[in-house]
Amino acid sequence: MPAPAIAFSDDQAEAHDRIAEMLAEMGIDLDNETLRPASEGKSRVMAVTGKAGSGKTLLLAHLVHALESAGVELVSGDWEGRRRRDRRTAAVLAPTNKAASVLRTRGVPATTIHRILYTPVYDPEYERVAEWLAGQGERPEIEGLTEAALDRAFAVYQAHKSVPAALAAAGLRGSDFITGWKRREEPLDIGLVDESSMLDTRQFEDLQEIFPGLILFGDPAQLAPVGESGTMVFDKLKPSAKLDLARIHRQEADNPILDLAHALGDPKLTFEAFERMIEDAARSDDRIVVAQRADSDLMARSPVLVWRNATRIRLLNAFRTAHNAPEDHLLPGEPLICDGIELPVKHRRKRIDLEARGLIKGAQVIYLGPGSKPGFSRLHVVGAESPRLGAASIVKIEKPDEDEPFIPFAARMGATFLHGAAVTIHKAQGSQWPEVQVFAPDLYAAARSGREEAGQALWKRLAYVAITRAEERLIWVTRYALSRPKAPLGIADLEVSPAPLALDAEEEAET
């Protein structure tokens, strides 16, 4: 098979060729850029594994561009046209909004697993606009939409390939054109799943129902999902279905964060020796910082990463105290973490609507202010393609040494939230921030515990995940202390959503 056009390392080239062979068996020929109609057959799963810096994302991006060049339609989850017999489809997925947004910033059109499991139902009149934008119909005449509005929609669609963003540019709200969401009925062809170390067995089974071809990309050094006995879904695949990227690719300037991450692979390395490595790196490179206090300003957008829940609760209460946050309500700009959706079975449609908007368990959210009705909140979902929405909310503020959380306000039912100024390292998987604070005393406690996970010291897995969340700067916090804020909390730094992706949230979430 001809070598890929870009300069791959040997292990990347081998993985590329193995995946190309799998796709060719499914009727997608990347080398000759030809397609055959899908045929019934056994499902295929392959996994590309490798530690941070091994080139997984580069390979993923190359495969996506090759699929597009071959004529495969990339499905985003915001709108799908009429199904054609000869259509071949692919979707790039991630378990969380933030993980999907990391890929999008690198030019890969990713969406979340929930957005593929559930598809929007469009009003028939605006479905005609969507079909025209996608080149599947004639330019429509819609009452209330001027020619200038349609021109704006067309221009936005050409730039972003997003039907909701295009319709928003025409002056429409999500509730004008999306009437609800439904579980996907038609399967797709190829699913490329990033951060697959986060998948649990149920999610993997859901994906296998939709995609006869799955390509998983994951880091075996990360933490396994809770309840999965220390194993990841790709650990259960046959050796012939796993492709390991062993070579670490450095940037032009060596990356001290990756150097520290890969040093953790040494079985003889102790916590004390690792901390000395961090101190040495901090003396020679300003991308590594050893700090005696957590930065309370940074915590508003980049949480302190901890191991123990008690540490998380202490830090978030210190954060609220430092910002003079009152007990009975939240301040605009406070970070939250979605802890699930509390709705009875009869409100399944409302649950789907909220999850499709990005309010999935573990989603990072910024509180914007109270909604138009008691118990509702205006929210910014970090990493969501259209992040701003309103929803019935149950906010829980946990207190040190108290069994029950304090609830400053709550709807009768809806999305539930915990404070997000500090999060566990487990919950941080799949996310990245420019600057990351890691709470070292917790990792020391994990080292003292002597616990292991999948044959490796737990503290090393925790440290690996925590420090690789940092894109540009790692801050190693050594003491239980918090700096005074330099600025009040606010929301001016948050981008404005180009379009809501569903019904008016405050109307839809009401029960």
Exercise for review: Look at Arg139 together with Asp151 and state whether they make a salt bridge at an N to O cut-off of under 4.0 Å.
Suggested key: yes
Check your understanding: So Val129 and Phe177, side-chain contact (heavy atoms from CB on, under 4.5 Å) or not? Walk me through it.
Key -> CA-CA 10 Å; Val129 181; Phe177 54 86; over 6 Å; no
Review point. Does Lys396 come within less than 4.0 Å of Glu404, counting only side-chain N to carboxylate O?
Key: no
Check your understanding: Any donor and acceptor pair, going by atom type alone, linking the side chain of Thr49 with main-chain N or O of Asp219 inside 3.5 Å?
Key -> no
Review point. What's the shortest heavy-atom distance between Phe376 and Ala392, and which atoms?
Key: CD2-N, 3.3 Å
Review point. Should the pair Glu195-Lys98 be classified as a salt bridge under the 4.0 Å nitrogen-to-oxygen rule?
Key: no
Practice item. For the pair Leu359 and Val381, evaluate side-chain contact (heavy atoms from CB on, under 4.5 Å) and give the outcome as yes or no after the intermediate values. Key: CA-CA 7 Å; Leu359 281 182; Val381 182; 4.1 Å; yes
Check your understanding: Does Ser196 reach the main-chain N or O of Asp194 with its side chain, forming a donor-acceptor pair under 3.5 Å?
Key -> no
Practice item. Give a yes or no answer on whether the side chain of Asn32 reaches the backbone of Asp29 with a donor-acceptor pair at less than 3.5 Å. Key: no
Point to revise | Spacing of CZ belonging to Phe319 relative to CE belonging to Met299, to within rounding of 0.5 Å | key: 6.0 Å
Exercise for review: Measure the CD-CD1 distance between Glu127 and Ile178 for me, rounded to the nearest 0.5 Å.
Suggested key: 10.5 Å
Review point. Can you tell me if Arg104 uses its side chain to pair, donor with acceptor, with the backbone of Ala110 under 3.5 Å?
Key: yes
Review point. So, do Ile190 and Met26 sit near enough that their side-chain heavy atoms are less than 4.5 Å apart?
Key: yes
Point to revise | Closest contact, heavy atoms only, Leu199 versus Pro95 | key: CD2-CG, 4.4 Å
Exercise for review: Can you see which heavy atom on Ala221 is nearest to which on Lys51, and at what distance?
Suggested key: CB-CE, 4.1 Å
Check your understanding: Do Phe8 and His62 have ring centres separated by under 6.0 Å?
Key -> yes
Point to revise | Any side-chain heavy-atom pair of Tyr126 and Leu145 under 4.5 Å | key: yes
Practice item. Check whether any side-chain heavy atom of Tyr157 sits under 4.5 Å from a side-chain heavy atom of Pro164, and report yes or no. Key: no
Review point. What distance separates Ile28 CD1 from Thr89 OG1, expressed to the nearest 0.5 Å?
Key: 8.0 Å
Check your understanding: In Å and rounded to the nearest 0.5 Å, what is the CG to OG distance from Leu330 to Ser377?
Key -> 7.0 Å
Review point. Taking atom types as modelled and ignoring hydrogens, do the side chains of Ser197 and Gln429 form a donor-acceptor contact shorter than 3.5 angstrom?
Key: no
Review point. Just wondering, do Ile425 and Leu223 contact through their side chains at under 4.5 Å, heavy atoms?
Key: yes
Check your understanding: Do other residues, nucleotides or ligands put more than 12 heavy atoms under 6.0 Å from Gln158 CD?
Key -> yes
Point to revise | Within-4.5 Å side-chain heavy-atom neighbours: Ile19 and Leu243 | key: yes
Review point. Between the side chain of Arg115 and the main-chain N/O of Ser76, is any donor-acceptor distance below 3.5 Å?
Key: no
**Study point:** Arg44 bridged to Glu25 by N-O distance under 4.0 Å
**Key:** yes
Point to revise | Residue pair Leu305 / Val436, side-chain heavy-atom distance below 4.5 Å | key: yes
Review point. Distance from Trp132 atom CH2 to Glu138 atom CD, nearest 0.5 Å?
Key: 11.0 Å
Point to revise | Closest approach of His426 to Ala224 (non-hydrogen atoms, all atoms of both residues) | key: NE2-O, 2.9 Å
**Study point:** Close side-chain approach of Val365 to Ile337, heavy-atom, < 4.5 Å
**Key:** no
Check your understanding: With a 4.5 Å heavy-atom cut-off, do His419 and Pro335 have their side chains touching?
Key -> yes
Revision key, fill the gap. Residues Pro303 and Gly420: closest non-hydrogen pair is CB-O, 3.3 Å
Check your understanding: Any ion pair linking Arg312 and Glu398 (charged N to carboxylate O, less than 4.0 Å)?
Key -> yes
Practice item. Examine distances only and state if a side-chain atom of Arg320 and a backbone atom of Glu334 form a donor-acceptor pair shorter than 3.5 Å. Key: no
Practice item. Starting from the C-alpha separation in whole Å, work towards a yes-or-no answer on side-chain contact (heavy atoms from CB on, under 4.5 Å) for Phe211 and Asp189. Key: CA-CA 5 Å; Phe211 297 100; Asp189 289 325; over 6 Å; no
Review point. So, the side chain of Thr111 versus the backbone of Leu93: is there a donor-acceptor pair under 3.5 Å, distance only?
Key: no
Exercise for review: Please answer whether the main-chain N or O of Glu435 pairs with a side-chain N or O of Ser302 as donor and acceptor at a distance below 3.5 Å.
Suggested key: yes
Exercise for review: Mark yes or no for whether Gln203, through its side chain, and Asp200, through its backbone, hold a donor-acceptor pair below 3.5 Å.
Suggested key: yes
**Study point:** Worked check of side-chain contact (heavy atoms from CB on, under 4.5 Å) between Val304 and Leu298
**Key:** CA-CA 9 Å; Val304 176; Leu298 187 57; over 6 Å; no
Practice item. Rounded to the nearest 0.5 Å, what's the gap from CZ on Arg469 to CD on Gln432? Could you check? Key: 5.5 Å
Practice item. May I ask you to check whether over 12 heavy atoms, not counting those of Phe154, lie within 6.0 Å of atom CZ? Key: no
**Study point:** Side-chain donor/acceptor of Arg152 to backbone N/O of Ala169, under 3.5 Å
**Key:** yes
Practice item. Give the minimum heavy-atom separation between Ala70 and Leu35, together with the two atoms involved. Key: O-CG, 3.2 Å
